[in-house]
Participant: 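My questions all concern the structure below.
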Amino acid sequence: MSKRRSSSGVGRRNFLKGATLAGAAALTPPLAAEAAPVVAPNSARKAVPMPDMVVETMPPPKVYDPVNQKNSGGDFMVDVLKTLDIEYCPINCASSFRGLQEALINHGGNKKPEIITCNHEEIAVHMAQGYAKMEGKPLVCLAHGTVGLMHASMAMYNAWCDRVPVMVMIGNIVRADKREPGTEWVHAAQDPAAIVRDFTKWDDQPQSLQHFAESAVRAYKIAVTPPMAPVLISLDAELQENPIPEDLDLRIPKLTTVVPPQGDSGAVAEAAKLLVGAENPVIMVDRMARTQAGMDRLVELAETLQCPVVDMAGRSNFPTRHPLCHTYRRGGVIGAADVIIGIEMNDYWGPLHDYSDRINRAARPITKANVKTISLGMRDLWNGKSNYQDFQRYQEVDLAIAGDGEDTLPDLTEQVRRQMNGEHKDAYAQRGKKLAAIYNTMLENAKTEATVGWDASPITTGRLCAELYDQIKGDDWSLVGNGIRVEWPRKLWKFDKAYRWNGGSGGAGVGYNGPASLGAALANKKHGRLTVTINGDGDFMFAPGTLWTAAHHQIPILYIIHNNRAYHQEYMYLQAMSNRLNRGIQNASVGTTIMDPDIDYATIARGFGIHGEGPIKDPAELKPALKRALDVVRSGHPALIDVHTDPR
Ligand SMILES: Cc1ncc(C[n+]2csc(CCOP(=O)(O)OP(=O)(O)O)c2C)c(N)n1
Ligand SMILES: [Mg+2]
């Protein structure tokens, strides 16, 4: 290790520094000899008179012995990370964390965590977001101070709004007298975390290795305690690179994660009483199921009450093929409800209102005047910041219970059971029968709707999703990314496990889908799951380099480019805006379409080293192309197919 340090990289760097500041005399003889060929021959140089250099008369600065350094602070940092059982470390490399990176690969053997090379810091953080929602634990992303953190920031915002734990570590050179002229200054900051402090739960800049150990363990614990969120640690370069001082008594604290708080039992009993006594109770749920237990427990509550569930799909909370899943007639069930319980709702107000005219921003409540509302979740304990408005409109409720949804559900179901009598049971069974019949009709209608325009070109998203499901339903599949924009899968497919789907972006920051899906696929890899994502063309173009990471690390995933050749949501908004002004929609494609030239995504994929097919315009070509691509993914590699789709 120390030998490598003294060879080409460091030698050339020292040489160049010496040539600029003090001439070759400042170097040790072996390094000067090694670096000598880099210099242009004297004959090729212009004879520029050199000014006298004051530094020549100064003693050389005291530096650590670059040949015999036996360890680095980075080594200890790696030891700390290993205790946190972190699997991967997505990075875009940068000198401000070279001390830690060197330690990760040489001291840590590039295992647990293993470095994942990314072409952009936003890719790294989004990968960690997608991974954490699948695996239930964070990754550590490394980024350059200032510039790298700026690139990472939107993904951190998405993770913040999505309540997802991500640990971001950046490099910084804290002491001004240690910074080299030039880039080390513009990449250093007095308080680098200020860039993202409004959307991180906690940050720190440790001043010693012991301080690092405590901060890293503390950061992990804070990040994974619901409500979860990203955290940031700024790492001083000197702390990473310099040897561990001798006789230092370092200790790595044990990580004990917090058992999430359950709702107060008295309040839970009151909620149960309201639900048991209701004629038309409704369960709304959003970012609830942290694990499979969340889904199983919700099924138990819904079946006990035989009441409809509206899943806002922030996570995979409720099986979509369950007869009590009434997500796609939510207006009907919410409008008829006399008691509503909202569990881990991101936006409680939204589903209780009709907000269809987004251009005029007009809304009206859809609930009955005397509806009783209950909230259960960690939102009321959220230490949100004031600036970013990620809290949605204020919804008044009759009973607000602070507690983790997933962990409070068993108590709630138990209380419901205790308060139910035989009469309730019979009435609920009748209710359940009616709901099941409605569900079946709804499902059959959705199947019929999905066939509208079956043979059309561009290909309908209904056909795309039906063809895709037909080919993957026998696999242990997982549909990831923010494919919520394409609703057919959740209307028609059987999402029966929490890992079948991992929610949306959180902050609606476009550019999430590509890399976050890859992060989810990275988590799915060891479980042998088949990962698929339907990626908007506009979203994909924010970080197409994600494909290179997929290829380089051989992460199996199928990207289907939903290529409607537009930022179609914005295209529609512009049309609606033009309509409002009665100016016609003929110009609405300006700045909203991605045509002329059409982007050839299959060629892009092949350029990054992965299987790429398309553009597929003829629906008859879809099935065989999907089969070829899925076979590639089943054999452990990434693949992409580009499908010319209709706008929906
Ligand atoms: C970072 C960012 N920039 C811009 C937007 C505005 N925006 C919302 S949806 C959208 C279009 C995304 O295009 P695509 O992924 O192709 O989806 P489509 O609307 O075509 O279904 C844009 C640009 C945003 N939400 N985030
Ligand atoms: Mg699009």
Side-chain angles (χ1 to χ4, degrees), residues 120-126 129-130 150-162 195-196 199 313 346-347 358-359 361 388-390 392 457-465 468 479-491 503-518 532-547 559-577 585 588-602 604-605 614-617 640-648:
H120 195 298
E121 291 82 356
E122 197 177 293
I123 297 176
V125 176
H126 272 147
Q129 186 183 353
M150 289 170 192
H151 266 316
S153 62
M154 194 205 78
M156 292 175 75
Y157 184 64
N158 268 340
W160 163 265
C161 296
D162 200 18
I195 299 168
V196 293
F199 43 92
N346 173 45
D347 178 11
R358 284 179 174 256
I359 283 288
R361 299 197 168 89
Y388 289 97
Q389 303 284 299
D390 72 317
Q392 307 292 329
S457 176
I459 297 168
T460 66
T461 50
R463 177 153 185 179
L464 170 64
C465 294
L468 175 61
L479 176 76
V480 295
N482 57 352
I484 191 73
R485 294 164 69 74
V486 180
E487 290 196 331
W488 295 116
R490 292 194 62 79
K491 277 185 175 169
S505 62
V510 177
Y512 161 90
N513 194 98
S517 300
L518 190 64
V532 176
T533 186
I534 300 171
N535 208 137
D537 50 345
D539 179 286
F540 178 80
M541 284 307 293
F542 276 79
T546 303
L547 294 185
Y559 280 95
I560 297 176
I561 303 297
H562 171 16
N563 185 2
N564 55 16
R565 298 159 312 288
Y567 301 104
H568 214 278
Q569 177 180 299
E570 303 305 328
Y571 188 24
M572 291 188 298
Y573 275 141
L574 211 55
Q575 288 176 331
M577 193 65 217
I585 59 168
S589 62
V590 178
T592 54
T593 51
I594 317 173
M595 295 169 168
D596 193 19
D598 284 0
I599 297 170
D600 180 353
Y601 296 98
I604 291 178
I616 296 163
K617 299 177 183 177
L640 175 147
I641 64 171
D642 170 10
V643 184
H644 269 211
T645 42
D646 72 5
R648 285 184 296 162

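Order of listing sets the numbers, starting from 1, for every ligand and every atom in it. The analysis underlying the following values was restricted to heavy atoms, covering all of them including side chains, and did not include hydrogens, waters or symmetry mates. All values reported here derive from a predicted model rather than from experimental measurement. Along the sequence shown, the residues carry numbers beginning at 1.
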Participant: Between Asn564 and ligand 1, which residue portion shows a heavy-atom distance shorter than 4.0 Å: side chain, backbone, both, or neither?
Facilitator: side chain
Participant: Shortest non-hydrogen contact from Val643 to Leu464?
Facilitator: CG2-CD1, 4.2 Å
Participant: Going by heavy atoms, is Gly511 under 4.0 Å from ligand 1?
Facilitator: no
Participant: Any luck finding a side-chain donor-acceptor pair between His562 and Asp537 under 3.5 Å?
Facilitator: no
Participant: With a cut-off of 2.8 Å, does Gln569 place any N/O/S atom under that distance from the Mg ion (ligand 2)?
Facilitator: no
Participant: Looking at every non-hydrogen atom in both residues, tell me the closest pair between Gly504 and Asp162 and how far apart they are.
Facilitator: O-OD2, 3.2 Å
Participant: Would you mind listing which atoms of ligand 1 come within a distance below 4.0 Å of any non-hydrogen atom of Asp539?
Facilitator: 14 (P), 15 (O)
Participant: What atoms of ligand 1 come closer than 4.0 angstrom to any heavy atom of His568?
Facilitator: 18 (P), 19 (O), 20 (O)
Participant: May I ask you to check if any N/O/S atom from Ala566 comes under 2.8 Å of the Mg ion (ligand 2)?
Facilitator: yes
Participant: Taking just the N, O or S atoms of Asp537, which one is nearest to the Mg ion (ligand 2)?
Facilitator: OD1
Participant: Which of the atoms of ligand 1 are close to Met154, meaning less than 4.0 Å from one of its heavy atoms?
Facilitator: 1 (C)
Participant: Using a strict 4.0 Å cut-off to heavy atoms of Ala508, name the atoms of ligand 1 that fall inside it.
Facilitator: 24 (C), 25 (N), 26 (N)
Participant: For ligand 1, is any non-hydrogen atom under 4.0 Å from Glu570's backbone (N, CA, C, O), its side chain (CB onward), both, or neither?
Facilitator: side chain
Participant: Can an N or O of Phe542 be found at a distance shorter than 3.5 Å from an N or O of ligand 1?
Facilitator: no
Participant: At a 4.0 Å threshold, what atoms of ligand 1 neighbour a non-hydrogen atom of Ala566?
Facilitator: 16 (O), 20 (O)
Participant: Might you point out which heavy atoms bring Asp390 and Cys161 nearest each other, and give the distance in Å?
Facilitator: CB-SG, 3.9 Å
